[in-house]
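Per chain, numbering begins at 1; letters A, B, ... match sequence-line order. These numbers come from a predicted model, not from an experiment. Only this structure's heavy atoms are used, side chains among them; waters, hydrogens and symmetry mates stay out.
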Amino acid sequence: MLDLRMIRQNPDKVREALRKTGEDASLDVLLSLDEKRRSMLTEVEKLKAQRNEVSDQVADLRRNKQDAQPLIDEMKVVSQKIKDFDDELRDLDAEIMDILLRIPNMPHESVHEGTSEEDNKEIRRWGEQTEFSFQPLPHWELGTNLDILDFERASKVTGSRFNFLKGAGARLERALINFMLDLHSDEHGYTEVFPPFMVNKASATGTGQLPKFAEDMFKLEGLDYFLIPTAEVPVTNLYRDEILSMDDLPIYHVAYSACFRSEAGSHGRDTRGLVRTHQFNKVELVKFVAPENSYDELEKLTNDAEKVLQKLGLPYRVSQMCTADLGFTAAKKYDPEVWMPSYGRYVEISSCSNFEDFQARRANIRFRREKGSRPEFVHTLNGSGIAIGRCLAAILENYQQEDGSVIVPEVLRPYMGGLEKITSKK
RNA sequence: GGAGAGGUGACAGAGUGGCCGAAUGUGGCGGUCUCGAAAACCGUUGGGCGUGCAAACGUCCCGUGGGUUCAAAUCCCACCCUCUCCGCCA
């Protein structure tokens with residue numbers, strides 16, 4: 001959420017920033033509602049001041065056993081006026097909030113302008129695109145042949161876009177989760193948290209899923225709970241409505257969670273395999289930092305995510321998102337993308353963003369620089385560190401052998417009971 | 001699921017209609033004292049919104065949302081959460 005006062009003071013700057021994102025949020029309605037609200041507020045507060053003063057007089061008269069009835073009668077009228085004003089103000093506030101909650105974040109000045117994902121820029125590349133001396137298979141065929149992946153039965157048991165992992169596949173999934181949690185907590189200084197997989201409305205609003213993207217989440221019947229689309233939601237909301245102290249910052253958290261996405265609007269896209277599913281696992285990195293450090297922290301966060309791919313020996317590149325592909329909440333975003341042979345291109349496997357104070361303002365997460373100073377909003381960041389399902393797919397595809405077996409990357413072997421290669425049992 | 005108790009400032013804990021944004025204690029901060037520290041003493045110590053260059057002023061906030069009243073932390077209604085006991089359960 002943007003700061004209403006900032007919008008009021010720099011409407012042209014905000015308009016220009018939003019234009020670059022491709023969203024044409026009209027500020028005119030917002031600004032006129034704001035104007036109206038402030039003038040009403042001034043009036044009603046005058047009335048309240050009067051009421052408070054007269055109430056004191058009434059109290060005095062009563063104590064002195066004098067007649068207060070004329071004053072009371074007079075105040076009845078004033079009170080009714082106040083009530084009318086307050087009702088209207090309540091509606092105004094709700095309208096203003098509804099508009100504010102639907103305005104996207106403004107891109108950081110270092111983000112290049114673009115009109116679609118075509119304009120994203122590759123900023124670095126690591127490793128060589130895997131070459132094969134034979135015809136490589138896509139991971140869904142490899143996994144099915146090895147009997148470690150089962151999509152058919154998953155669609156029987158649940159539906160499309162779900163999967164079963166079996167045997168070494170299930171173990172590999174678990175190995176990846178543990179490897180990443182260990183890496184980030186032991187070597188990168190993140191504190192592990194294990195979050196709830198459902199959140200309430202306030203949390204989903206805090207990180208920006210609501211009100212605009214409700215249809216992307218699974219909602220529980222009869223409850224105001226949502227299945228989380230990412231651990232970002234519960235973990236960022238850990239400190240909602242809190243004032244942290246400067247000594248607490250920066251806070252780094254790493255969290256495993258299952259992620260649930262309705263994938264509304266992506267019918268027909270990536271229908272096979274592990275790339276786009278309704279439920280997948282992910283290890284997520286979340287940071288809470290002082291504003292002046294957030295851009296350095298974004299670089300570090302991205303490096304931490306990349307480290308996972310390097311250790312796994314998976315070729316990747318990092319793209320910087322242009323102004324049109326930042327999504328709703330980010331001010332700046334890097335997407336590490338892994339080389340996926342079956343796609344013949346790099347596929348997003350992480351997404352690292354600085355939200356500045358956009359989420360912090362929604363979720364009311366603040367910090368105090370020193371005792372007695374005014375609270376300020378923290379900056380929040382997060383990034384996948386990394387998506388497990390897509391990572392497992394990338395391993396199967398990049399490490400496949402001519403005989404259909406798959407080499408286990410060395411760093412994962414301790415997590416796999418020493419297994420070096422996944423082979424078919426048949 | 002049944003029965004009961006309770007949600008007040010950083011924490012503990014008063015406050016049952018007006019002089020209460022809130023006693024008191026602890027903690028924090030500043031000071032006096034001290035070579036220094038402790039103790040003691042003195043002072044200070046919430047947030048949002050609005051007006052204003054600022055100083056300041058106004059207003060709102062005692063779990064949340066409504067309501068009653070000239071006036072609500074205090075009365076009424078709904079909801080949320082916590083705790084205790086019983087039952088059930090991984």
Identify whether any heavy atom of A:L71 sits under 4.0 Å from a base atom; if not, whether one sits that close to sugar-phosphate; answer base, sugar-phosphate or nothing. nothing

Please state the P separation for the pair B:G63 and B:A73 - nearest whole angstrom. 10 Å

If we take the P atom in both B:A23 and B:C19, what is their distance in whole Å? 13 Å

Would you mind pulling out the nucleotide paired to B:C79, Watson-Crick or G-U wobble, both distances under 3.5 Å? B:G63

Nearest-nucleotide pick for A:R38, side chain only, options being B:A71, B:G18, B:G50: B:G50

Considering only the C1' atoms, how many Å lie between B:U8 and B:C62, rounded to the nearest integer? 4 Å

Taking a pair to mean Watson-Crick or G-U wobble geometry with both distances below 3.5 Å, B:G87 pairs with none

Respond yes when some side-chain nitrogen or oxygen of A:R8 is under 4.0 Å from OP1 or OP2 of B:G50, and no when none is. yes

A:R368 side chain near B:G47 phosphate (N/O to OP1/OP2, under 4.0 Å): yes

Nearest-angstrom distance, C1' atom, B:U26 to B:G36: 26 Å

B:A23 pairs with which nucleotide, Watson-Crick or G-U wobble, both distances below 3.5 Å? none

Flag side-chain contact, heavy atom, 4.5 Å: A:L285 against A:K287: no

B:U59 phosphate, OP1 or OP2: any side-chain N/O from A:N52 under 4.0 angstrom? yes

Interatomic distance where CG belongs to A:D247 and C1' belongs to B:A10 [whole Å]: 14 Å

Inter-nucleotide C1' distance (B:A90, B:G4), Å rounded: 27 Å

Do we see a donor-acceptor contact under 3.5 Å between the side chains of A:Y190 and A:D304? yes

Just call it for A:R63: base, sugar-phosphate, or nothing, with non-hydrogen atoms closer than 4.0 Å on any strand. base

Side chain of A:A49 - closest among B:U59, B:G66, B:G47: B:U59

Considering every strand shown, what is the Watson-Crick or G-U wobble mate of B:C33 when both distances are under 3.5 Å? none

Here the distance between atom C1' of B:G65 and atom NZ of A:K201, to the nearest Å, is 13 Å

For B:G58, which nucleotide in any strand shown is its Watson-Crick or wobble partner with both distances under 3.5 Å? B:C49

Please report the distance, rounded to the nearest Å, between CG in A:N364 and C1' in B:C61. 13 Å

A:E45 atom CD is separated from B:G52 atom P, nearest whole Å, by 13 Å

A:R374 CZ to B:G47 P, in whole Å, measures 7 Å

Check this one for me: any side-chain N or O of A:S79 less than 4.0 Å away from OP1 or OP2 of B:A71? yes

In whole Å, what is the span from the CZ atom of A:R51 to the P atom of B:G18? 16 Å

Using a heavy-atom cut-off of 4.0 Å across all strands, would you classify A:D73 as base, sugar-phosphate, or nothing? nothing

Assess, by modelled atom type and distance only, whether the side chains of A:N364 and A:D241 contain a donor and an acceptor separated by less than 3.5 Å. yes

Rounded P spacing from B:C42 to B:C35 in Å: 23 Å

Can you confirm whether the side chains of A:S55 and A:N52 place a donor and an acceptor under 3.5 Å from each other? no

Nearest to the A:Y225 side chain among B:U68, B:C81, B:C70, which nucleotide is it? B:C81

Assert: residue with more 5' nearest nucleotide on RNA chain B, out of A:P375 and A:R90, is A:P375

Return the orientation label for the A:H278 and A:F162 ring planes: parallel under 30°, perpendicular over 60°, tilted otherwise. tilted

Go nucleotide by nucleotide along RNA chain B from the 5' end; which of A:S373 and A:Q50 gets its closest nucleotide reached first? A:S373

Which part of the nucleic acid does A:V54 contact within heavy-atom distance under 4.0 Å: base, sugar-phosphate only, or nothing? nothing

Going by purine N1 to pyrimidine N3 plus the second Watson-Crick contact, or the G-U wobble pair, all under 3.5 Å, which nucleotide sits opposite B:G18? B:C70

Nearest whole Å is fine: how far is B:G50 P from A:E43 CD? 17 Å

Between B:A38 and B:C33, how far is it from one P atom to the other, in whole Å? 15 Å

Using a cut-off of 4.0 Å on non-hydrogen atoms, how would the nucleic acid contact of A:R361 be classed: base, sugar-phosphate, or nothing? nothing

A:K36 atom NZ, neighbour heavy-atom count above 12 within 6.0 Å: no

What integer number of Å spans the P atoms of B:C61 and B:G66? 11 Å

Spacing of A:R5 atom CZ relative to B:C49 atom P, expressed in whole Å: 5 Å

Just to confirm, is there a sub-4.0 Å distance from OP1 or OP2 of B:U59 to any side-chain nitrogen or oxygen of A:K48? no

Do A:Q80 and A:D84 meet the criterion of a side-chain donor-acceptor pair at a distance under 3.5 Å? yes

Check ion pair A:R19-A:E113 (N to O, under 4.0 angstrom): yes

Taking only the side-chain heavy atoms of A:T42 (C-beta and beyond), determine which of B:G50, B:G48, B:G18 contains the nearest atom. B:G50

Students often get this wrong, so: under 4.0 angstrom with heavy atoms, is A:R62 touching a base, only sugar-phosphate, or nothing? base

